[in-house]
Amino acid sequence: MQRRPKITWRRPLAVLFGLTVLLALDGSGLVRVGLGCAILHESGHALAYRALWGHWPELEVSPFGICLRLRGLPMTARQELLLAAAGPLVNLLACAAVLLFMRGAGYSYGGYWFACCNLLVGGSNLLPLPGLDGWRIAGALHGLWRT
């Protein structure tokens, strides 16, 4: 029997208030596109988690975003590398896919917004800074190198 993903809310009123204000003031649509790219990013991590461990991860939604709860989960360096790389990979693939689609179907501002936002989310998460996927990728590569 497959279990559903568990979603934990931290400060749900702050999350809903912040989203309401941002979406109400978003005349350009950038917040909506950014949220879509962030959800794509975390979906990549969740799908990799599902493929590696056979069940859905626990997700945490907070005023700072959506993330997988991994505390106490034993992981090999290979598993950590695959899990950390999955989010940015989905964003970079989405960017490439929309640019290829627009090449044949015609360019649009909406397509450029989506491609650029995915490039920004995926690329910035590859930075080797604590808390970002790039940091976890670097640690996993270091672990693989040592073995």
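Quick caveat: nothing in here was measured; it's all calculated off a predicted structure.
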| What's the verdict on side-chain contact (heavy atoms from CB on, under 4.5 Å) for Ser62 and Arg11, showing C-alpha distance, side-chain angles and the deciding distance? | CA-CA 6 Å; Ser62 75; Arg11 300 186 182 182; over 6 Å; no

| said: Exactly one of Leu25, Val31, Asp26 should register a side chain to side chain contact (heavy atoms under 4.5 Å, CB included) with Ser28. Which one does? | reply: Asp26

| field | Approximate separation, where rounding is to 0.5 Å, of Glu60 CD and Arg10 CZ | value | 5.0 Å

| Would a hydrophobic clustering, with Ile, Leu, Val, Met, Phe, Trp and Tyr connected at side-chain separations under 4.5 Å, put Tyr49 with Ile7? | yes

| request: May I ask you to decide if the ring planes of Tyr112 and Tyr107 are parallel, tilted or perpendicular, using 30° and 60° as cut-offs? | output: parallel

| query | Any side-chain donor-acceptor pair under 3.5 Å between His41 and Asn118? | reply | no

| Taking the side chain from Asn125 and the backbone from Val121, do they hold a donor-acceptor pair closer than 3.5 Å? | yes

| So Arg69 and Thr8, side-chain contact (heavy atoms from CB on, under 4.5 Å) or not? Walk me through it. | CA-CA 9 Å; Arg69 298 196 58 181; Thr8 304; 4.0 Å; yes

| Transitive ILVMFWY cluster of Leu93, excluding itself - 4.5 Å side-chain cut-off | Leu89

| said: I need the minimum non-hydrogen distance between Pro88 and His45, along with the two atoms involved. | reply: CD-CE1, 4.1 Å

| query | Of all heavy-atom pairs between Leu52 and Leu82, which one has the smallest distance, and what is that distance? | reply | CD2-CD1, 4.0 Å

| query | Should Val61 and Leu70 be counted in the same cluster of Ile, Leu, Val, Met, Phe, Trp and Tyr side chains packed under 4.5 Å apart? | reply | yes

| Partner residues of Glu42 under the salt bridge (Lys or Arg N to Asp or Glu O under 4.0 Å) criterion, sequence neighbours left out | none

| Distance-minimising heavy-atom pair for Ala115 and Cys95 | O-SG, 3.3 Å

| Transitively linked via ILVMFWY side-chain contacts under 4.5 Å: Leu47 with Leu81? | no

| request: Give the minimum heavy-atom separation between Cys117 and Gly34, together with the two atoms involved. | output: SG-CA, 3.5 Å

| task | Apply side-chain contact (heavy atoms from CB on, under 4.5 Å) to the pair Met75 and Trp53, showing each step before the final yes or no. | result | CA-CA 10 Å; Met75 265 188 263; Trp53 285 281; 3.4 Å; yes

| field | Separation between CD of Glu80 and CG of Leu141, rounded to the nearest 0.5 Å | value | 10.0 Å

| Atom pair CG/CH2 of Leu59 and Trp9 - distance to nearest 0.5 Å | 10.5 Å

| field | Residues clustered with Leu129, ILVMFWY side-chain links under 4.5 angstrom | value | Leu127, Leu132

| task | Determine whether Val15 and Val21 fall in the same hydrophobic cluster, where Ile, Leu, Val, Met, Phe, Trp and Tyr are linked whenever their side-chain heavy atoms lie under 4.5 Å apart. | result | no

| query | Shortest non-hydrogen contact from Pro128 to Trp135? | reply | O-CE3, 3.3 Å

| task | Looking only at non-hydrogen atoms, find the nearest pair between Asn91 and Cys37 and report the distance. | result | ND2-O, 3.1 Å

| When rounded to the nearest 0.5 angstrom, what distance separates CD1 in Ile66 from OG in Ser43? | 8.0 Å

| Roughly how far apart are Leu40 CG and Leu35 CG, rounded to 0.5 Å? | 11.5 Å

| request: Tell me whether Ile137 is reachable from Leu92 by hopping between hydrophobic residues (I, L, V, M, F, W, Y) whose side-chain heavy atoms are closer than 4.5 Å. | output: yes

